[in-house]
S.K.: 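So that we are looking at the same thing, I have put the structure below in C-alpha cells.
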Amino acid sequence: MKKTITLLLLCFSSVTFAQKTEIDSVVSKEIAIMKARGISEFFFKEKFCDGCIMHNRRKQKCNFKDSDLYVFWKEENNSYFRKLNKCDTVKVKLATEILGNFDATLAIVKNESVKSYLLNKNTIRGCSQTTYSKYYFFINEILVTKIFDDYSLTTDSEQPNINFAYNNALELIKLDKVCEKIIRKNR
C-alpha cells in the first residue's frame, strides 16, 4: 500500500511538473519572438488551478491541461492580446490602452505582493480548488513573476478578509482586473 501511494504521488508530481515546464517553454519562446520583433512592452498572464480541472476547457484539444495563458503587448502605438495555446490563435487589437505608462507600472508591480485571505492577525482562511493568477514581466532583461491566489482578492460578510482593501488597491490587481475584463470580452 505504501509503495502504491508513493508511486501515485510521484506520477501526479511528474504530470504537474510537465505542465509547468510546457507553460515555461511557451513563455520563453514568446519572449524570444517579442524581442526579435523589437517589442519591449509586453507581459503574460497565466490562470491555473492545481489539482482541479478548470471548467469550460476540455472542449478544445488546443488548450493546456490546467492553465490558460495570454500575452499582452504594445506594438506601433497599439495594444494587443492573444491567447497562447497548442494551436495558432489570432492577435486581437484592443480598444483600450492597457500598457499606458508601462515602465512606471512595472516599477510598482515588481515590489508588490498580494497578502493571504486573513481573518485576523493569526488566522488565514483558505479555499481548496481555487484558481491562481501568475504574471510574467520581462523587466530590463530579467523575467519577474508574480503569483497570487485569486481567493485572496475576495471577502465575506461573516468572515471578512482584513487584507481585502489592501490587495484590491495594488497596481498588480488593477492590471489583473483590466486583463480579466479583456479576456472575458474576447472569449
S.K.: Show the numbers, then the answer: is there a side-chain contact (heavy atoms from CB on, under 4.5 Å) between Glu180 and Arg184?
M.R.: CA-CA 6 Å; Glu180 284 294 323; Arg184 278 192 305 275; 3.5 Å; yes
S.K.: Over all heavy atoms of both residues, which pair between Asn161 and Leu118 is shortest? Give the atoms and the distance, please.
M.R.: OD1-N, 3.1 Å
S.K.: Does Lys146 use its side chain to pair, donor to acceptor, with the backbone of Ser113 at less than 3.5 Å?
M.R.: no
S.K.: I'd like to know if the side chain of Asn167 and the backbone of Ser152 have a donor-acceptor N/O pair within less than 3.5 Å.
M.R.: yes
S.K.: Nearest 0.5 angstrom please: Phe148 CZ to Leu170 CG, how far?
M.R.: 9.0 Å
S.K.: Let me know which of Lys91, Arg37, Arg82, Lys83 forms a salt bridge (charged side-chain N to carboxylate O under 4.0 Å, His left out) with Glu30.
M.R.: Arg82
S.K.: Is there a chain of hydrophobic side chains (I, L, V, M, F, W, Y, each step under 4.5 Å between heavy atoms) that links Leu69 to Leu143?
M.R.: yes
S.K.: Distance from Thr155 atom OG1 to Leu119 atom CG, nearest 0.5 Å?
M.R.: 9.0 Å
S.K.: What's the verdict on side-chain contact (heavy atoms from CB on, under 4.5 Å) for Lys47 and Ile183, showing C-alpha distance, side-chain angles and the deciding distance?
M.R.: CA-CA 11 Å; Lys47 187 78 144 188; Ile183 290 166; over 6 Å; no
S.K.: Closer than 3.5 angstrom, by distance alone: can the side chain of Glu75 be matched with the main-chain N or O of Ile39 as a donor-acceptor pair?
M.R.: no
S.K.: Set out, in order, the CA-CA distance, both residues' side-chain angles and the distance that settles side-chain contact (heavy atoms from CB on, under 4.5 Å) for Leu175 and Glu171, then state yes or no.
M.R.: CA-CA 6 Å; Leu175 177 65; Glu171 288 299 315; over 6 Å; no
S.K.: Mind checking whether Ile23 and Val71 sit in one hydrophobic cluster, side chains of I, L, V, M, F, W, Y counted as touching below 4.5 Å?
M.R.: yes
S.K.: Is any side-chain heavy atom of Thr154 closer than 4.5 Å to one of Tyr151?
M.R.: yes
S.K.: Will you find, in the side chains of Tyr136 and Glu46, an N or O donor that is under 3.5 Å from an N or O acceptor?
M.R.: yes
S.K.: Which pair of non-hydrogen atoms, one from Asn186 and one from Ile182, has the smallest distance, and what is that distance?
M.R.: ND2-O, 2.8 Å
S.K.: Would you call the rings of Phe48 and Tyr132 parallel, tilted or perpendicular if under 30° counts as parallel and over 60° as perpendicular?
M.R.: parallel
S.K.: Using the six-membered ring wherever Trp is involved, compare the ring planes of Phe44 and Phe42 and label them parallel, tilted or perpendicular (cut-offs 30° and 60°).
M.R.: perpendicular
S.K.: Verify the cluster assignment for Val90 and Leu84: are they in a single hydrophobic cluster under the rule of side-chain heavy atoms below 4.5 Å apart?
M.R.: no
S.K.: Compare every heavy atom of Leu153 with every heavy atom of Phe164, then report the nearest pair and how far apart it is.
M.R.: CE1-O, 3.0 Å
S.K.: Evaluate side-chain contact (heavy atoms from CB on, under 4.5 Å) for Met34 paired with Phe138, printing each intermediate quantity in order.
M.R.: CA-CA 10 Å; Met34 292 291 177; Phe138 199 67; over 6 Å; no
S.K.: Kindly compute the distance separating CD (Gln159) from CG (Asn120), expressed to the nearest 0.5 Å.
M.R.: 10.0 Å
S.K.: Check whether Phe72 and Val92 end up in the same hydrophobic cluster, where Ile, Leu, Val, Met, Phe, Trp and Tyr are linked by side-chain heavy atoms less than 4.5 Å apart.
M.R.: yes
S.K.: Work out which heavy atom in Ser157 is nearest to a heavy atom in Pro160; give both atom names and the distance.
M.R.: O-CD, 3.9 Å
S.K.: Less than 4.5 Å apart, side chain to side chain, heavy atoms only: is that true for Phe43 and Leu106?
M.R.: no
S.K.: Near Lys29 NZ, under 6.0 Å, is it more than 12 heavy atoms from other residues, nucleotides or ligands?
M.R.: no
S.K.: Among Asp68, Asp149, Asp150, whose side chain to side chain contact (heavy atoms under 4.5 Å, CB included) with Thr131 holds?
M.R.: Asp150
S.K.: A cation-pi test, strictly: NZ or CZ of Lys115 under 6.0 Å from the centre of the six-membered ring of Tyr166 and no more than 45 degrees from its axis. Yes or no?
M.R.: yes
S.K.: Would the distance check show the side chain of Glu112 and the main-chain N or O of Leu172 forming a donor-acceptor pair, the cut-off being under 3.5 Å?
M.R.: yes
S.K.: How close do Asn168 and Lys174 get, counting heavy atoms only, and between which atoms?
M.R.: O-CG, 4.4 Å
S.K.: Is there a path of hydrophobic side-chain contacts, each under 4.5 Å between heavy atoms, that joins Val178 and Val114?
M.R.: yes
S.K.: Taking atom types as modelled, is there a side-chain donor on Tyr135 or Asp176 under 3.5 Å from an acceptor on the other?
M.R.: yes
S.K.: Ile142 versus Phe137: any side-chain heavy-atom pair under 4.5 Å?
M.R.: no
